[in-house]
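Per chain, numbering begins at 1; letters A, B, ... match sequence-line order.
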Amino acid sequence: MKKLINNPDTVVTDALAGLAAAHPSLAVDAENKVILRAGGPRPGKVGLVSGGGSGHEPLHGGFVGYGMLDAACPGEVFTSPVPDQMLLATKAVNGGAGVLHIVKNYTGDVLNFQMAAELAEDEGIDVVPVVINDDVAVEDSLYTAGRRGTGATVFAEKIAGALAEEGADLAAVAAVAREVNERSRSFGVALSPCTIPAAGKPTFELADTEVELGIGIHGEPGRTRAPMAPASELAAVALDAIGADLPVDGDLLVMVNGMGGTPLIELYALFSEVSQYVRARGGRITRSLVGNYITSLEMQGFSVTVCRLSGALARLWDAPVETPALRWGR
Amino acid sequence: MKKLINNPDTVVTDALAGLAAAHPSLAVDAENKVILRAGGPRPGKVGLVSGGGSGHEPLHGGFVGYGMLDAACPGEVFTSPVPDQMLLATKAVNGGAGVLHIVKNYTGDVLNFQMAAELAEDEGIDVVPVVINDDVAVEDSLYTAGRRGTGATVFAEKIAGALAEEGADLAAVAAVAREVNERSRSFGVALSPCTIPAAGKPTFELADTEVELGIGIHGEPGRTRAPMAPASELAAVALDAIGADLPVDGDLLVMVNGMGGTPLIELYALFSEVSQYVRARGGRITRSLVGNYITSLEMQGFSVTVCRLSGALARLWDAPVETPALRWGR
Amino acid sequence: MDAEVFRAWIVSSARTIEASRDHLTQLDAAIGDADHGINLARGFAAVLGAQEFGKASSPGAVLTVTGSTLISKVGGASGPLYGVAFRRAGKALGDDADPGLHALSAALDAALAGVQQLGAAREGDKTMVDALAPATRAFSKAVAEGASRDGALAALAEAAEAGAAATISMQALKGRASYLGPRSVGHEDPGAASTALILAALRDAARAAS
Amino acid sequence: MDAEVFRAWIVSSARTIEASRDHLTQLDAAIGDADHGINLARGFAAVLGAQEFGKASSPGAVLTVTGSTLISKVGGASGPLYGVAFRRAGKALGDDADPGLHALSAALDAALAGVQQLGAAREGDKTMVDALAPATRAFSKAVAEGASRDGALAALAEAAEAGAAATISMQALKGRASYLGPRSVGHEDPGAASTALILAALRDAARAAS
Ligand SMILES: Nc1ncnc2c1ncn2[C@@H]1O[C@H](COP(=O)(O)OP(=O)(O)O)[C@@H](O)[C@H]1O
Ligand SMILES: Nc1ncnc2c1ncn2[C@@H]1O[C@H](COP(=O)(O)OP(=O)(O)O)[C@@H](O)[C@H]1O
Ligand SMILES: [Mg+2]
Ligand SMILES: [Mg+2]
Ligand SMILES: [Mg+2]
Ligand SMILES: [Mg+2]
């Protein structure tokens, strides 16, 4: 394992120190591991808090700022944060209009956020959680842990953040986050595993001729292993899986997301395939992201997320945003 | 070799198709391999053209847009483009005020841009080339190929682009690009090699306990090989080399750049070390970039670029920019 | 069994988890995200370092502070689940200074109920429940049949161990391993494995105290 | 030597470059950026595909279109350098339909001058100049000494080959390999190696025509 770190045990706090040094627009509490917008809570604005394991950067800390999150709670690498962090963040961003928790659907994230919400409610803060579960690789069933939350988290954070910035109330902000989740689906493919710093060895072994299909974002193996294939075929596998659940026609917001170790030239090559696939099925990609937005350390691979836009969602997507990793309009 | 591509021979054009599909603000001529701002030349504005081998994305195509480049010419992977591309781009962006060529100092880039400039002059277009050579790993000497151009290219394109957008003339735009180059120094470190798609195997072998110091951006080995070390020590190696040539005090613009396969969490951990190092020597990082801006395919590693800011350069850095990879103020 | 025995249990759990850190992490790498050993080791180390842990004067207080610290320090799925388990057990013991076997049995039942209420896993879902549930059953059965303390705790630990081993052939329906579908079969559940270790530590701590 | 012989030279250069594509690329991987074979193979393939190449009716025209196409298709350092070399040689031959040995010698000198003017490399800098310069010298010496065509071309190819081999022990001062400093020693320069291949193709094409 070769990593640009000082020590596996301090990588999260070291990175937080770097985030703080690079972005004066953030107030980073490295000791308690909470990333806040500088300047304190916005009175009357719904606060948005998200969080999850580290190793998915820029998610979530890179999305803290005007028009998106008010706070992010990074856990250890691939480990959901603890309720203390979320409670601290919730209190810090509460401007009196309540706080939305954007939670990726993993048992750990859900349980820890749930505990934090109870504690916050005890302190008189209205909290509404929205659970993101967009990953079609996993069966959605009452009897299982359900679908994972992946790429749609970025969309929900952006769009709900824009609505909150406009002054909408907690119920409306939560509703739009839920709507984004319902209109979005994702599928991921790994070309290589990744190595958790504290574990020191790759999370799985993969031959040079194989890929993992239906991966999540925690370095776990996928649902199935398949022979390596050209970008066009891998794009089709992902979009077939998405399309089986959600028609990919109409106006679409599409993200081709790198898992951390895949260069941009490959992501653009893949985006070309995705856009051809979608066009052939009557879809129009009117908005897109191509790059590393929700990653698995240095894993090579990609995920595709498709969101069926409405006019209102498109308007909120276009609204100004000013965060380290997503910025336009100001 | 496992890559998210269709075919090593089409990766550059496939990626260009993706770039075109993702960014309606660009006019991509995939056949001739030229990336232009949509909407034709800006009358009276100095045109900015850059280019170089592919595999360094987002450089240069990701920096085409308002306040930065007017055109980029991508060559094959790690191979400088040909004069035909540069001539076409130069003619397409000439709004009558002449064209600046921003050229990274590699024999191939310099020779091909030189030929293109001669052809453009023949057609009556004023062309001024500015050669970027900021890499302190390489000795600067009349008897050698001289220093390589690396990270300072991003700074020069942004700052000269801003001045051109304000309507400055060709001499002034070229002068500010030269000034950025003179005030900037870079140093790079590789933790892993990369694989050129058409070559199919890694450009070098590196043990799990070793790093390459003083690398360029073409997958070449570095000046020396050294034992793997913590982020703090690797940051010090890079900054010692930079500091031996340029004092790292005063107001600084600093880029901690990923080589393509290094995750953001590591780049932020490294940025923390860089910022501590600089602070201890009287420097203030008042502006920064942390991320993948000038890459070597999927290589793991980083480069640090330091630019000593003046008030004028800081103002131009802060000016609005709207490109796929760098955007603020609009 | 007084507070010292309970404290010794937690100390020895911390030790066995630390010693099995890489093993548990490797189990999690196979069907999860390779952090279970790291998570628990961090959590138990924090418990031992907590001021209130050293000062807790009743068995119930020892377990409650253990649970609260795990909640605050572990994260992941196992943090809240183990945290709630220890807290519920501690609450069930109240401030009884020297709980007997029936009280301990009730506390273990409360722990299991807490885990199932929070995590909604049933037996057979391939989780820590598959170690904890048979273990509590074996313990209360042994107690009902008049077994000695050491005998009942041996039955507890043995059933947990067997339950953990039985997860190997199960397909996961809860937790991260469920994402693997049929590929989750053939691997031991890391949380069930750590539960077996912790309950073996209880048996050993009690035995050492007697 | 008429246009057909020159065309045959370029066709056979293309073939030998294609056959040595991976070898040249590996040489470049050691001290450069692993693209030299790929670059030249792409360029020569484009030359063979160019309409004007098939139609070029004089030796000078064959070389000029070869050079122009290489400039348009190769990129990198070698594209302009080889491009200028062939163009200068073609210009030097003018429209002589069947240039003799003295004309060929002058054309080769012009090619070398073009490369050095553009790239500023001197002998010993570990570049294609280290193959081209001794080769042109050996050729003009052989011609001056009254050697046969085949003999003079054999001297040319042999000197290029020896010059390329001699780059192994040199430290690069020009081109990408110079970035490696002392680490560039011990590897053959890829451009010198390809020059030796191209000049050997010239010797063979002439021999085949006689
Ligand atoms: N819903 C659940 N109910 C009970 N136990 C669960 C549940 N989900 C997960 N677990 C347990 O948690 C263990 C994983 O813990 P850990 O690796 O620390 O957390 P994470 O899965 O968040 O990385 C699993 O092996 C399983 O025993
Ligand atoms: N200044 C120069 N003068 C002469 N030849 C040069 C010069 N620089 C580079 N070369 C030649 O070019 C070769 C490399 O060509 P190539 O790999 O195609 O281009 P690049 O170095 O741009 O990748 C070197 O091996 C060397 O022989
Ligand atoms: Mg985890
Ligand atoms: Mg090259
Ligand atoms: Mg885990
Ligand atoms: Mg090369």
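- Most heavy-atom pairs under 4.5 Å with chain C: of the set A/Met115, A/Glu220, A/Arg223, this distinction falls to A/Arg223.
- Using a distance-only test at 3.5 Å, with no hydrogens or angles considered, no donor-acceptor pair links the side chain of C/Asp96 to the main chain of C/Leu93.
- Between A/Phe204 and A/Cys194, every side-chain heavy-atom pair lies at or beyond the 4.5 Å cut-off.
- Ranking A/Gly219, A/Pro221, A/Gly75 against chain C, the residue ahead of the rest is A/Pro221, based on heavy-atom pairs under 4.5 Å.
- Under the 4.0 Å criterion applied to side-chain N and carboxylate O atoms, C/Arg15 and C/Glu18 are not assigned as salt-bridge partners.
- Between the A/Thr195 side chain and the A/Gly200 main chain, no donor and acceptor come within less than 3.5 Å of each other.
- Contacts of C/Val74 with chain A are made by backbone atoms alone, with heavy-atom separations under 4.5 Å and no side-chain atom involved.
- Note: C/Asn39 leads C/Thr25, C/Ile31, C/Asn39 in heavy-atom pairs under 4.5 Å with chain A.
- For A/Asn112, the parts sitting under 4.5 Å from any heavy atom of chain C are the backbone and the side chain alike.
- When each of A/Pro81, A/Gly214, A/Gly222 is scored by its heavy-atom pairs under 4.5 Å with chain C, the top score falls to A/Gly222.
- With C/His36 contributing its side chain and C/Asp28 its backbone, the two residues share no donor-acceptor pair below 3.5 Å.
- The candidate from A/Pro193, A/Ser80, A/Gly52 with the greatest count of non-hydrogen atom pairs under 4.5 Å with chain C is A/Ser80.
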